[in-house]
Amino acid sequence: MLLRRLDSRRLGAPRRRRAVQRYPVALERQYDADLRRYVGRIAAIVTAEVAAAAPALLAGARRADDVSGVQPGTGWPEELRRMLERILARSASLDPDLLARIHRMRENVNAHHAREWRRVLRAAYGVNVLAREPGLRALLDAWEMNNTALIKSVPQQLVTQIQTTFTQALARGTTARELTKLVRERLGIAQGQARRIARDQVSKLNGRLSRERQQGIGVSEYVWRTAMDERVRASHRAVNGQRFAWGTPPASIGEEPGQPILCRCYPEAVLPLLADLPPDTTIEP
């Protein structure tokens with residue numbers, strides 16, 4: 001029966017019907033909320049530590065006999081160093097929850113992509129197409145490792161920024177109000193950084209999964225598709241609808257869909273005939 005169906009469709013030529021693989025918008029929003037919550041907890045740590053250390057920092061900076069400058073081991077610089085070390089130590093206590101959220105997100109994005117890919121193939125061929133995915137685990141592990149490093153760099157960069165701005169402020173003479181303002185500004189930057197990481201990394205993982213799964217069934221080319229809104233970059237809009245080979249992205253962009261920072265474009269697979277799928281592909285009615 002299945003062979004007769006394939007014969008009637010020229011050995012499985014993809015149908016005219018095209019299903020669009022949906023982007024994991026809800027998961028991106030969830031990841032955004034997760035990372036903003038993480039930075040919010042760091043913000044609470046920073047705010048508490050600065051409030052506790054501010055009296056000693058300001059008193060040390062005001063003392064006329066404090067000639068330590070920014071030398072370690074004496075005066076307000078030593079107080080500042082201890083405060084920053086406490087911030088990093090307390091931030092590290094958040095790592096187990098953070099790592100669990102990163103791992104859960106990788107699994108959820110992968111599951112969403114797999115469902116969408118199966119739906120696209122079912123719409124195109126009229127049967128279920130299941131392929132081996134030998135490179136999937138390495139792809140997911142690499143994303144998780146890179147993503148963990150990116151997110152854990154947020155408190156590190158925050159501490160570095162606080163050290164720089166506080167050192168300058170205390171050296172010239174400052175107030176508790178100015179220190180609070182400086183902290184608020186740095187925390188705002190950290191929140192924005194977390195949001196960019198969430199949006200960018202979900203898009204990158206979704207794009208890499210597309211390449212892995214498309215090449216797994218013998219797809220060698222894709223059509224570049226954009227999100228079709230005002231946020232699309234001009235260079236990406238210019239190649240919308242054009243066909244490219246995997247491994248040879250448009251020269252004007254230099255990367256494949258979803259890989260440039262904050263890119264929401266996606267690759268629409270140029271599907272082969274069902275009869276031309278790799279021999280280890282499973283086909284089910």
Set of residues satisfying side chain to side chain contact (heavy atoms under 4.5 Å, CB included) with respect to [X], sequence neighbours excluded:
X      : value
Thr148 : Leu99, Ile102, Glu144, Lys152
Glu178 : Ala169, Arg172, Thr174, Thr175, Leu182
Met145 : none
Ala142 : none

Q. Which pairs count as ring-ring contact (aromatic ring centres under 6.0 Å, His included) when at least one residue sits in residues 260-285, sequence neighbours excluded?
A. none
Q | Pairs flagged by ring-ring contact (aromatic ring centres under 6.0 Å, His included) wherever residues 96-117 is involved - sequence neighbours left out | A | none
Q: Side-chain contact test, heavy atoms from C-beta onward, threshold under 4.5 Å: evaluate it for Val109 versus Leu209 and give yes or no.
A: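 Counting from C-beta outward, Val109 and Leu209 do come under 4.5 Å.
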Q: Give me the one residue out of Arg264, Glu116, Glu28 that meets side-chain hydrogen bond (donor to acceptor under 3.5 Å, both in side chains) with Tyr23.
A: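 Among the candidates, only Glu28 passes.
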Got a list of side-chain donor-acceptor pairs under 3.5 Å for residues 241-248, not counting sequence neighbours?
unit_1: Gln242; atom_1: NE2; unit_2: Ala238; atom_2: O; d: 3.0
unit_1: Arg243; atom_1: NH1; unit_2: Glu221; atom_2: OE1; d: 3.3
unit_1: Trp246; atom_1: NE1; unit_2: Gln214; atom_2: OE1; d: 3.1

With a 3.5 Å cut-off and sequence neighbours excluded, list the donor-acceptor pairs that the side chains of residues 187-198 form with protein atoms.
unit_1: Gln191; atom_1: NE2; unit_2: Arg36; atom_2: O; d: 3.4
unit_1: Gln193; atom_1: NE2; unit_2: Gln157; atom_2: OE1; d: 3.2
unit_1: Arg195; atom_1: NE; unit_2: Asp32; atom_2: OD1; d: 3.4
unit_1: Arg195; atom_1: NE; unit_2: Asp32; atom_2: OD2; d: 3.1
unit_1: Arg195; atom_1: NH2; unit_2: Asp32; atom_2: OD2; d: 3.0

With [X] via salt bridge (Lys or Arg N to Asp or Glu O under 4.0 Å) - residues at least two apart:
X      : answer
Glu85  : Arg81
Asp97  : Arg41, Arg101
Glu107 : none
Arg37  : Asp34

